[in-house]
Structures are given as C-alpha cells and as structure tokens.
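Chain letters run A, B, ... following the sequence lines, proteins first and then strands; every chain starts at 1. Values reported hereafter were calculated over all heavy atoms of this structure, with side chains retained and with hydrogens, waters and symmetry mates removed.
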Amino acid sequence: MRPLEAVRMALRTIRAQKLKSFFSLIGVLIGVTFLIAVVSIVQGMNRYMVERFANTLVGANTFELRQRPSITTGEVSDSVELEWRRRPRISYADADYVRARLTTPATFAKFCEDRVSVHYEGKVAKDIFLAGTDADYFAIRNYEITAGRAFTEQEVQTAQPVLVIGSELAEKLLPNVDPVGKTVQIGGLPYRVIGVVAKQGTLFGLSLDKFAVMPFSAQGRRLICPINILDALIVRTDNPTTMQRAMDETEALMRARRGLKPWQPNNFHFETAEGALGTWKKISRILFLALPGLVAISLVVGGIVIMNIMLMAVSERTREIGIRKALGARRRDILAQFVVESATLSGAGALLGIGFGLGLAFVVKAVTPLPAAVAPWSMLVGVALGVSVGIAAGVYPATRASRLDPIVALRAE
Amino acid sequence: MSTIIRILDLAREYRMGDERIYALRGVTLDIRRNEYVAIMGPSGSGKSTMMNLLGCLDTPTAGEYWLNGEEVSRLSDDALARVRNREIGFVFQTFNLLPRATALQNVELPLVYAGVRARDRRDRAVAALERVGLGHRLEHRPNELSGGQRQRVAIARALVNQPSILLADEPTGNLDSVTSEEIMRVFADLHAAGQTVIMVTHESDIAAHAERAVVLRDGRVESDRLTRGAAA
Ligand SMILES: Nc1ncnc2c1ncn2[C@@H]1O[C@H](COP(=O)(O)OP(=O)(O)OP(=O)(O)O)[C@@H](O)[C@H]1O
Ligand SMILES: [Mg+2]
C-alpha cells in the first residue's frame, strides 16, 4: 500500500465521524492550545517588557544612581527594607562629585519626582508626576517637544519657574487653548508652561503622558524633594559598553566618597533597564519551566483518550479489518492504517489547538493591555507533538488490529 | 487441462476447551484450471471450513494445499495476504462490502493493497464493475444498492485483481430466486470466459450451473461427480 493511501483513508474515516473525532482529540487540542497561548503571551510580554517597560522606566544605555531600588516587583523583607532606609540619600554634592570626576563621556541629569496636583483657572489635574531635573533630561529621555520648547541650562541655573508638560496633562487641563505661555499653579506657586512633550502612550494601561518637568532648582522644589537631596542622578552614555564603564567608575567614586571598606557592600543602588527586567525574567522563566509540564500532562491525557478511541475503533471495525485482510491487506497495511489514522486525528487536534491558542492569545491582547506575539516555533512544536502523540497512542491499537485473524475478524458483528 | 488446486488429506479441527471438533477430516481433491465446481452437503458438513482454507483465510491443522504449484498451507501471514490479494477472489454470502465506501472504492480495495497507482486503479475497477453490469452505479454506497447489486459489486471486487480462482460461499444465500438466477448467470459468464470458479451452495438447481459437484458429509467427501451442466 502507498503511504498517501493511508492518510486518505484516515481522512475519510475522520470525516465520516466528525463529532466523535472532535471529542477524541480534545486532550491534544487543550495541550496545544495551552502551548500556543502561553508561549504567545509570554513572548509578547517579553517583547513588551524589553521594548516598553524597561526602556520607558529607565531607558537604553542609561543608569540611575539611587539610594535604593525604585522598581521593586517582588517581595522585600523587613530587614532589607530597613537597611535601604538607613542608607544615606543621594545629595546634590554626590551628583556634582560624580559628574566632575567621571572620565567616560556621559550626559547627566539630577532628578527628583513626586505626584502633585496642577491647577489652572479653577480646574485641577491630580496625580501628575512632577519631575525636577536638568536641561539634559529631555535628551536622556528622548522626549520630543511638539509645541514650544524645553528649558535651557540657563533657566536651570537661574531657577526659572517654567514647566514642560506631557500631552495628556495639556489636553485635560488646557483643552482648546495653546498651552504654551499659560501659567498654571503647583503647590500655590505659578509656573509658566513653555513646552509640550509628544505623546508617549501607555504602559500596562497606564498613561505615560500625565507629567510635568521643571528645573530642579526652581522655587517649589520642596514639594518633590527635600533641599539638597535627589531621588537619582541619571547618567546616559552612547552604548552598553560605555554605560558599564561609567557605572563601574561611578561605583568606585561613590565608595571612595563614602569611605566604604572593601568588605562593606554598596550603600547605594544602580537602576538599569536590565535590572528592572529582573523580576519579569524570573516570572517568565517560571512560566516556561511550568509550561512543558502542563503541556505534557494534557498530551499524555490526550494520548490516552486517543488510544482508547482507537481501541474502540478497532473493535467496532473488526469486520472491516477482516474484509481488508481477506482482500490482501498485510499486517503492516492494517498497522499503518490505524497509526496514520491516530496520527492524523491527533495532528488535526494540534491544528485546532493552534487555532484556539492563537485565538486565546488575541483575546487576551484585545481585552487586556498585555500584548501577544506569536512564536512560529511553538506552532511547529505543537504540530510535531500532536502527530507524535497520535503515533504513540495509535501503535498499540493498530498492532492489535493487525494481528487479528482474518476469519475471526470476518465473523465479528 | 492443468491442475490449479491440489489438496491432500486436508484437515481442520477446532479445540473448544477439552472438546475437539473435526470440521474437516482429511479431504483430498484436485481442481483443474477453468473448472466450475459446486461444493454441496448438509449444514455443518465443513463446506465453509474448506472454502476458507482454499481462500487462505484459514490454515489447516493437517494436510497439504497446493495452489498453482505452491504449497501455501504453511506460509507466513504476509505471504498468505499476498496470495489472497493476487490469486484468490472471494465472494461471501453476506457480501462483506465496506459500508462507508462507494461501489468503486470497494472494488478498488484489492488494488490498493496490490500497490496499483490511483489512476490505473480507477480504470480497472470501473472495468470490473462494467463486467458485472454495474457501470452506472459507481458512486453508490452499499446501502443504496439492492442485494443483487451488492453481490455484483462483491464479485467485481473479487475479480478486479484477475485471480486464479474465484471462491464463492453461498453467494445467493441472501438473495431471492430471480436475483439468484441473475448472479448465477454472472458466474456462468465468468466461467465461460475462462475463470476457475468454486462455489458452495445448498440448492441443487444452483449446483446444476456447475460442471462438477463435490458433496461433503461430516468433514469428508461423500461424492464427487459431474453434473448435468457439464454436458452442456
Ligand atoms: N470457529 C469454530 N469453532 C468451533 N467449531 C467450528 C468453528 N467453525 C466451524 N465449526 C464447526 O465445524 C463444522 C463445520 O462448519 P462449517 O461452517 O464448515 O459448515 P458448513 O458446511 O459451511 O455449514 P452451513 O451450510 O450451515 O454453512 C461445524 O460442526 C461447526 O460447528
Ligand atoms: Mg457455511
């Protein structure tokens, strides 16, 4: 018998019993659905975390010198928390010290941030992130100014009360007017809006455009940072290599400045895009470790279901097997017929599973801020697994079928 | 004429627990090419047992079976499958068609196992169906055909691989007398065209179509004689 013949025969049988076939492949379907959906979502998350999350919060080739981590997603124990709180804060003087001594070319920005309310003509915008920083901050963050301009080093040095605002703040607080030139109130003090930053979009559904930036020296900085204290010194270099070098240098400078002995740990923290991803990487590793287990369980269950269905098929079709043998089918023809049938069945389950998995991934993408990225390899793995499970599950029933005695099989009813 | 089948002391016994049932107790018989033989005898005399042995569906417990000069009673499973496929066409009382397959697909089946290409298969299956007068029922399934038509499909299927012998175990057992006559005419035509035919039947008027009648009783040959049909 020709190999294609067996596939054609299998498809004919499966088509004749659509509903039964569908139920028999549900296990494989679920397994592969799982595989595709989880891989798609995790891959999507991965890309999202790398491209959006990490780079939005910290930025490429950028590190922040801080007292303590600002992005903590995991559990932090009380003792660690206490140690963090006891550390000295980063002062203006620390920032100037590092800036003055760092030999690696870099751009610097002092940085303080807190949430404030912004008022304009009786209206108020709450939960606005107000940053106090240097003029280079806009370059470090890759902020594009769509209206007006950023503030200058001059304005920082002279502590001008000027403000560059995010696009959402501009739309909410100053709709239908040109925001540039308007004066808004923060903490009772007036600030002149001089520029608007291009729309940044959202992160996990949260707007990234509800912010305002002012010179760190401006009057009213008390609102966001105690005097002479910074949340961070932001340092940006050209590429990952120089960033690492700058970070190493900064570490040495800070340790020396704080008189740390070699055995003492750092009492300051570097935040990087890479570091911000740490927790996510842990989560995705766990998901990827758990995935084979979940998929394997469904596939094993699916395989057992298919094996039972095939055993039933063999006993229901004993007469057919007898007829085929009477007409000259050899053992291996019958074996091939049932193995191929089982593999085709299971392969069809895998294909459906891929469809369902993609559907699930896209539903997740549509109803949650989570993205989904389909991994072609997962589809190949899905089909390969499905077919293999089918073959494995089909061998025993098919062997039984092939060993039937023609006369006994013909008499069956 | 040359001998196509030679059986020597062929026996088949069944064991049921401690009991032994002797279905065939040593039958010796020669059948020549292009003979038309009717196997007769009372129920339980061993007719079907013998046909199944001749059809290589079953293996004897003793004796020899020479088919076309080859001893086939001790062949392996796969070798027997080959013999069934190439040398033997079997027609059953209950037709034994695949219910979900069309007439054409049923007739193609032996060719599938012979490894014939799809295109050639169709041509040969159509020719076989035309030969039994069913060229207009190719796409019908068994349940869309009358009993006589079903048996014709089965005959076409038995013939399609041009077997050396055509075996039929009570082929008209499930048919009315008019339809039986039609089927007998098909066998007569095949025999006239040179086909060797061996047929089991209860009825002497059916047996009259054959040239030779072998009567079994209790698993032995009781008589072996020419019929009136042989003279014609
Ligand atoms: N599988 C079997 N197991 C045990 N005994 C069997 C088996 N098949 C047939 N026999 C016995 O062998 C004997 C011959 O049976 P066989 O079927 O050859 O008879 P038959 O001549 O074809 O009868 P009928 O005209 O009723 O079809 C019977 O006594 C039957 O009971
Ligand atoms: Mg019988």
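Considering every non-hydrogen atom in both A:Ile407 and B:Leu57, the closest pair reads CG1-O, 3.4 Å. Contact record, A:Ala329 with B:Arg84: O-NH2, 4.4 Å, taken as the closest heavy-atom pair. Here the shortest heavy-atom pairing between A:Gly328 and B:Tyr113 reads O-CB, 3.8 Å.
Note on A:Arg324, A:Arg317, A:Glu320: by heavy-atom pairs under 4.5 Å with chain B, the leading option is A:Arg324. Heavy-atom pairs under 4.5 Å with chain A peak, among B:Leu109, B:Ile88, B:Asn161, B:Asp58, at B:Leu109. Most heavy-atom pairs under 4.5 Å with chain A: of the set B:Cys56, B:Pro110, B:Gly89, B:Pro99, this distinction falls to B:Pro110.
Sparse packing is recorded around CZ of A:Phe23, with 12 or fewer heavy atoms of other residues, nucleotides or ligands lying under 6.0 Å away. Counting heavy atoms of neighbouring residues, nucleotides and ligands inside a 6.0 Å radius, atom CZ of A:Arg12 exceeds 12 of them. Residue B:Phe187 places its CZ atom among more than 12 non-hydrogen atoms of other residues, nucleotides or ligands, all under 6.0 Å distant. Residue B:Arg6 places its CZ atom among 12 or fewer non-hydrogen atoms of other residues, nucleotides or ligands, all under 6.0 Å distant.
Heavy-atom distances place the side chain of A:Ile323, and not its backbone, under 4.5 Å from chain B. Using a 4.5 Å cut-off between heavy atoms, B:Arg157 touches chain A through its side chain atoms alone.
Residues from residues 61-83 of chain B that place a non-hydrogen atom less than 4.5 Å from a non-hydrogen atom of chain A comprise B:Asp77, B:Asp78, B:Ala81, given in numerical order. Scanning residues 126-143 of chain B against chain A with a 4.5 Å heavy-atom cutoff picks out nothing at all.
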Practice prompt. Begin from the C-alpha positions of B:Thr94 and A:Arg319 and carry the test side-chain contact (heavy atoms from CB on, under 4.5 Å) through to its verdict.
Written response: CA-CA 12 Å; B:Thr94 51; A:Arg319 179 114 181 216; 3.1 Å; yes

Item to complete: Would you please test A:Arg330 and B:Asn85 for side-chain contact (heavy atoms from CB on, under 4.5 Å) and show each step?
Response: CA-CA 9 Å; A:Arg330 290 159 303 177; B:Asn85 187 243; over 6 Å; no

